[in-house]
Amino acid sequence: MGCDMAGFFKWLFGTSEPSSTKLPEPERTRSRQQARVDPQPLTARVADLSLPGNRYFTELEKLTSSVTAKDYPAAAAAARASLPLLRCWLEDKRGDGERLDISIPALSQGGTMMAIVGDKDGLSELRELVRAFEYLKDYRGEAEDHFRDLELFDQIRGVVRAKPGVLQNRMKTELGIDDGRNASRLVSYLEKSGEIQRAKSGKTYELFMADFAVPATSAETIYTEPATPGSHRQEMHAARPRELDPKRVRVVPLPPSPAAWKHKVVLPTTQEAFADPNGAWDEITIESISKADRPDPAFRRHFSTRRGALSFDDLAKADASLGAPGAVMFSNMKGQPSPPEPLFRDPYHIAVHPEGDGFATRSKSNVLTVYDRDLKVDFETNLSRVLEVAANQERLGMGESEAHRALRCIALTPERDRYLFTHVDEAWCVSRDGKCLWGLRMPAKAPTRIRVGGAQFGAATDIADSLAVMGLKMPVTPDEIRTRYRQLVRELHPDVNPGSEERMKAVNVASERLTGLEPDQLDGSVAGELGFEFVISFGPVAQADWIYAAAFSANGETALLGTYGGRVVRVDAEGRPIMIYDVGSVPVRIIETSQYLYVMTATRLYVLDDDSLVALVDCTAKCDLLVGGGLVVLIEAKGVRVFTEDGRAVGLALTKAPIRRAYVDDDTLVVETRTQRGRFRRSHLSR
């Protein structure tokens, strides 16, 4: 559930708006209270008329978990139960002018759930609700679409029943509609609900009702999940995790990463097949790719390893995925691929160590599968049967069916002798033979401070300017920033240097951008005059700081855990937290090589050497990160940015057509589109 916070800040402070408009966590209630002058920030926990009450969010949680479990009747019931709660909220005059502009899943996905189960009365209630309130006007078209989908679901069932084996790409013709994408979406829902079977047939699927005897040749293309293994754990009782106390661990404050850029980071565009907009490359050569050698777009997820790269077809679209849930392919350092191998289970989550061989996946059924360097299954274990998971579910009041959502990250050591997994706010490290080595629990998220007119966020160029203001340059440590700030405060004090107010203001802005800390915090004094904090509070699960990214270090001796609150915690081999990197928003990728640590959020890539910030690169949520061979490569839809391992820019390569694959071969960046290959050569590329 996203929110437009502009109205909230206008109501609260009159005119100011925040640096970022994205709230910390979806599907939770919020609280607020009028800001006032106070030496300490306020924590607002009063009733919030700007949002529906907790009963609505209870039904929303039921809707979400039921969709995940593919229990569509329960999801439809939860969506319908939400409707009178939404009506009561919107009829409450006390909330007029204060309601946040929220997205409401009960009216979107919930409507689809009612359509698939045929709840016409529920859809009528939904339609009446959105017609009754101007606040819901944006949902009126979608409400009518749900009625159309209800009819289409029945028509699809009728077509498949009457014509077993009908091709999915013919469905829009059979239905007499123009929107083939929507037809495929509805077929997918019917497959997930267990009503329809899909058998691969070329680039499309043959469709059969679930009770139909599928021909043997077609049945061979349908993936059936293998039997679920048990847990390989040795212990008879759940281990207790160590609890992280941030006050007892060294914190490295870094330039905070916004959840989203106000102005998106956009690469230049080109009408040429391949372009070098900055003149960074010595030579560009272009060659056609033979049809047999063209990169398969099904292999859309890429990870670097010590010997090359692993590419995954995680949607089972490649020929190699026939009868399997997906496929994997290894390419050596020169980009030469080996024959792809089918995967044993669906790759819902993938973990690849950049200094290792092999990889691990977690399936939707929560089975951890570890593969060796030959891409064959090494061993398996069922994470949902782990005693620590059951204990954490009980602590947080979660149902067993929610394990699929709560089990998030997996990571593997280079030698595949240990793995870790995370469940909500806990991380557990286990040996290959099933011995629990350590567990760590994150503290509840700290209240989110709302800074009005603050300078917390700035583009990479702003960070560079801030360093210049303070007379510093990268690599730089927080201690150096703090020491330099205190030195400048003394030098620019009005009693010592009259007329230095503007210079002091610039130093304060610079220090805050570089650390995310207010100037008075850097100076060691009390909090500022104006402060406001709001707390997301919807039970223990909402207060937990979920772990969203995890990785082992280059040698596998330490682990790194990235949380929703923007912490990246380094943990030693005994499970003791030894350092916290504070990046301000949730990390999406963490990679550590023998030399540098790379932390990627939806907006930034941090390059770190211990506690020293070596480089900072602005990026987008959709770019792919590859690290290896002394280079860092950021791949976007139609552009590749190349950096040295310490984050210095090497060059930019643009394409007119979407990029299918990119890699580095000695002193050459190779970029492939569907039909062409561009070679961008530069002497001493990685130096």
Side-chain angles (χ1 to χ4, degrees), residues 1 26-27 52-91 102-162 168 171-172 174-177 179 181-198 207-211 399 401-402 404-405:
M1 176 180 61
E27 301 172 13
N54 279 1
R55 287 182 59 199
Y56 165 77
F57 288 97
T58 299
E59 296 300 333
L60 185 57
E61 178 64 28
K62 291 179 183 177
L63 169 62
T64 303
S65 59
S66 297
V67 170
T68 299
K70 301 176 185 176
D71 185 352
Y72 294 165
R80 187 168 180 181
S82 300
L83 302 181
L85 302 175
L86 289 167
R87 180 177 289 274
C88 288
W89 170 52
L90 294 168
E91 287 177 344
I102 64 174
S103 65
I104 305 177
L107 304 179
S108 298
Q109 190 174 37
T112 301
M113 295 296 99
M114 286 188 272
I116 196 172
V117 301
D119 187 357
K120 188 173 293 186
D121 290 340
L123 291 180
S124 295
E125 185 179 351
L126 187 156
R127 179 164 60 187
E128 291 172 6
L129 179 67
V130 301
R131 286 177 176 178
F133 297 94
E134 190 67 14
Y135 178 88
L136 302 177
K137 64 180 181 180
D138 291 342
Y139 292 93
R140 291 170 185 169
E142 196 169 4
E144 300 304 322
D145 290 342
H146 293 321
F147 278 96
R148 180 200 61 185
D149 288 347
L150 184 148
E151 295 178 358
L152 288 175
F153 275 128
D154 283 340
Q155 291 176 29
I156 291 171
R157 294 180 182 109
V159 169
V160 176
R161 189 172 289 110
Q168 181 171 309
M171 187 55 69
K172 71 173 184 178
E174 296 285 346
L175 299 175
I177 63 175
D179 191 350
R181 185 180 296 273
N182 187 51
S184 296
R185 180 180 70 90
L186 300 183
V187 167
S188 178
Y189 272 116
L190 289 170
E191 181 192 33
K192 292 174 183 176
S193 70
E195 294 188 61
I196 280 181
Q197 302 178 77
R198 295 198 305 176
L207 306 180
F208 303 91
M209 296 304 292
D211 57 359
S401 63
E402 297 178 83
H404 166 71
R405 182 172 66 93

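What you see below is based on every heavy atom in this structure, not just the backbone, and it leaves out hydrogens, waters and symmetry mates.
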(request) Take T112 and R185, measure what side chain to side chain contact (heavy atoms under 4.5 Å, CB included) needs, and give me the verdict at the end. (result) CA-CA 11 Å; T112 301; R185 180 180 70 90; 3.8 Å; yes
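- With rounding to the nearest 0.5 Å, the separation of CD in Q168 from CD in E191 is 8.5 Å.
- In terms of the side chain to side chain contact (heavy atoms under 4.5 Å, CB included) criterion, residue partners of R157 (sequence neighbours excluded) are, by chain and number, I116, F153, D154, R161, L190, E195.
- Closest non-hydrogen pair, L175 versus A183, comes out as CD1-CB, 4.3 Å.
- Partners of F208 by ring pair (Phe, Tyr, Trp, His ring centres under 6.0 Å), not counting sequence neighbours, listed by chain and number: F212.
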(request) Show your reasoning for whether side chain to side chain contact (heavy atoms under 4.5 Å, CB included) applies to I196 and M209. (result) CA-CA 5 Å; I196 280 181; M209 296 304 292; 4.1 Å; yes
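- When all heavy atoms of Y135 and L90 are compared, the pair lying nearest together is CD2-CD2, 3.7 Å.
- Atom NE2 in H146 sits 14.0 Å away from atom CD in E151 (nearest 0.5 Å).
- To the nearest 0.5 Å, atoms OG1 (T58) and CG (L63) are separated by 12.5 Å.
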(request) Could you go through the side chain to side chain contact (heavy atoms under 4.5 Å, CB included) check for L136 and L86 one step at a time? (result) CA-CA 10 Å; L136 302 177; L86 289 167; 5.8 Å; no
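- Under the side chain to side chain contact (heavy atoms under 4.5 Å, CB included) criterion, S82 pairs with Y56, E59, A106, not counting sequence neighbours.
- Partners of D179 under the side chain to side chain donor-acceptor pair (under 3.5 Å) rule, at least two apart in sequence or in another chain, do not exist in this structure.
- L83 contributes atom CG, which lies 5.5 Å from atom CG of L126 (distance to the nearest 0.5 angstrom).
- Between A76 and V117, the shortest heavy-atom contact is CB-CG2, 3.6 Å.
- Sorted by first and then second residue, the salt bridge (Lys or Arg N to Asp or Glu O under 4.0 Å) pairs involving residues 113-122 (not counting sequence neighbours) are R80-D119.
- We find the CD-CG distance between E142 and D149 to be 9.0 Å, quoted to the nearest 0.5 Å.
- For the atom pair CZ of R198 and CG of L207, the computed distance is 7.5 Å after rounding to the nearest 0.5 Å.
- Shown here are the salt bridge (charged side-chain N to carboxylate O under 4.0 Å, His left out) partners of R148, two or more places apart in sequence or in another chain: there are none.
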